[in-house]
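Order of the sequence lines sets the chain letters (A, B, ...), proteins ahead of strands, with each chain counted from 1. Just so you know, these numbers come straight off a predicted model, no measurement behind them.
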Amino acid sequence: MGIRLTALETPPQTTQAEITLIGTGGGYGEACVVHLGDDNWILIDSCINPFTKKPLSLEYLESINIDIKNKVKLLICTHWHDDHINGMSEILSKAEKAGFAIASTHDKKKFLQLVKLDYEKLKAEASNASTIEFNNCIEILQKRGTHIKESSLDKLLAACTISDTHRCELISLSPSDYTIHEFTKEISSLITEYGQPNQKIIPKSPNAKSVAIFLKLGAHRAILGSDLEISKDPREGWDNIINNSLSIDKTSSLFKIPHHGSENGYHESIWLKLLDKNPISKLTPWNKKNKLPAPDMLKKYLEHTDKLYITSPFVNLKPKKRDKTTTRIIKDFNLKLSEVPYAKGIIRCRIDVTKDNAVWEISTFDSAFKV
Amino acid sequence: MVKSDIIKEISSSSVKHWKDINLTEKEDDKKAASIISNIENGIKKSKSMLKVRDTFISLSEITEDEPDFKFPTKYLDYSFASHYNYFSKTQKWIGNVIEIKGDEFTAKLIDQTNGGTNEIAEFSINDVSFDDRELLRLGSTFYFSIGYNSSSNGQISKSSVMRFQRLVKWEESNYDSALQAAEDAMNNLMWE
């Protein structure tokens, strides 16, 4: 008697590419799982279940019975934000054959000094979670001797050929040369103004350094926007990609909307120049003090597509449930506490790369839904 | 010091104290034993409080040099906890300041008692002790707890404590260690 798999547990076919977006309700990050075809898996960013502390990408791959140790070929860290990097070192430790890609830096030594100096703050529990994770990844990579790939405009990070004829590629679109240069200066100032050992490092606008990704899947195209924002300077962000990318050869039929659908992540030219009409679009919300996407942005996105998916709905922030005694004391002190809710949502998209006229198969799980 | 010696010590010092009470020698020994038992309980209580002192009890109340045990003087003090307040933790968090606006600040709180989901909290600057206010900055870490405070005279009151992470004096070795680690990483990592 065979085991019946649920829809979520069904792995993709060899010729099927997959782009799966995992969200956590707007407070614990997001991650993306990509299958280029033929068991070539790539994980982009990482987020964890706050209860089990387990990376959700690993949970997902285990649910579809993927051999994480051997089949995950690349782990990409798109930028330095806690909600995109939590659990990354655990993924790297389990994915023993995986390469590692980060945004390019000119002065690697200075960058490593910043990481190690901040890691020393671990003792004061003031280290960035991202620094701790990144430091742990560095130590794993040192032991393994794995090469680190550096992401920048039009950099090929992964490729394979499906059925001997259909080429699949993963290409980074950012950061730009100018952004990389500016980040080198920023590292210097972060080290100089190192601050008190009990204070976290606050890098300026890490989103500007985000790694956006372009996927060529046979005849199909997709763009994953990470948290990349528009910039006042056309040498950075989406303007630089639109004006200077040489790898974008066709418009994309699937788009992961950047930065939780914020105004900073919206650029009309992306929709007009880089995307098909009415592309499949997906995003994760931001649900802390501020909520993203804002209603007017949601409306704007719906003007561009009627295939908009979100990993979880907004939930009104409420106090965390606790025992009566503690709840009473919190009330007596008039403490304004709001729980950051956890709600896992998965938006999975699969397409046959060997068929030029194939359409995306979209499935939503847990909290995810079509707007 | 052997217990019998302690009893002798206390007995001799207590003779004067109890002289007006006309205790017999045997009763005197009994009293001394009772005193020792109280002192021992006091020591146990102090030791358990010292284990939790780092976070939740003001450091000004406890010093490293504080002796665990003091021989009772002429006026015997049965309560070793007289100058410590016992704080029963109901809920504790580690907080990280994420926004400061005027005289209010917002922090992300990580639940240290039950784990699980995080919280966002809004505080007034008045919630922060004067000693800690200079430590209140974007990115600062603090410990926050609420619970019941049991004072030495048995009074129970609700209490909250917020302590910002104290400045840790960095030695040159801390910097050297970090920079050496960076040097090692630079030499051992392979970049494409």
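For a residue to count as touching a neighbouring chain, one of its non-hydrogen atoms must lie under 4.5 Å from one of that chain's; by this rule A:I102 touches chain B with the side chain only. Residue contact with chain B, scored on non-hydrogen atoms closer than 4.5 Å, involves the side chain of A:L335 exclusively. For A:K143, no part lies near chain B; criterion is any non-hydrogen pair under 4.5 Å. Within the 4.5 angstrom heavy-atom criterion, no atom of B:F142 approaches chain A. Residue A:F333 touches chain B through its side chain alone, counting heavy-atom pairs closer than 4.5 Å. In this structure, no portion of B:I98 lies under 4.5 Å from any heavy atom of chain A. Proximity to chain B (any heavy atom under 4.5 Å) is shown, for A:I330, by both the backbone and the side chain. With a 4.5 Å cut-off on non-hydrogen atoms, B:T113 does not touch chain A at all. Heavy-atom distances place the side chain of B:E99, and not its backbone, under 4.5 Å from chain A.
Looking at A:K116 and B:E183, no side-chain N of the basic residue comes within less than 4.0 Å of a carboxylate O on the acidic one, giving no salt bridge.
For A:K53, the NZ atom sits in a packed shell: over 12 heavy atoms of surrounding residues, nucleotides or ligands are nearer than 6.0 Å.
Proximity of A:L112 to B:L189: side-chain heavy atoms (C-beta onward) are separated by under 4.5 Å at one or more points. B:I146 places none of its side-chain heavy atoms less than 4.5 Å from the side chain of A:D332. With contacts defined as side-chain heavy-atom distances shorter than 4.5 Å, the pair A:I148/B:M190 does not qualify. Considering only heavy atoms from C-beta on, A:E150 stays 4.5 Å or farther from B:E192 through its side chain.
Rounding to the nearest 0.5 Å gives a distance of 15.5 Å between CD of B:E119 and NZ of A:K336.
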task = Decide side chain to side chain donor-acceptor pair (under 3.5 Å) for A:E339 and B:T117; before the verdict, give the C-alpha distance in whole Å, the side-chain angles of both, and the deciding distance to 0.1 Å.
result = CA-CA 7 Å; A:E339 184 184 18; B:T117 49; 2.5 Å; yes
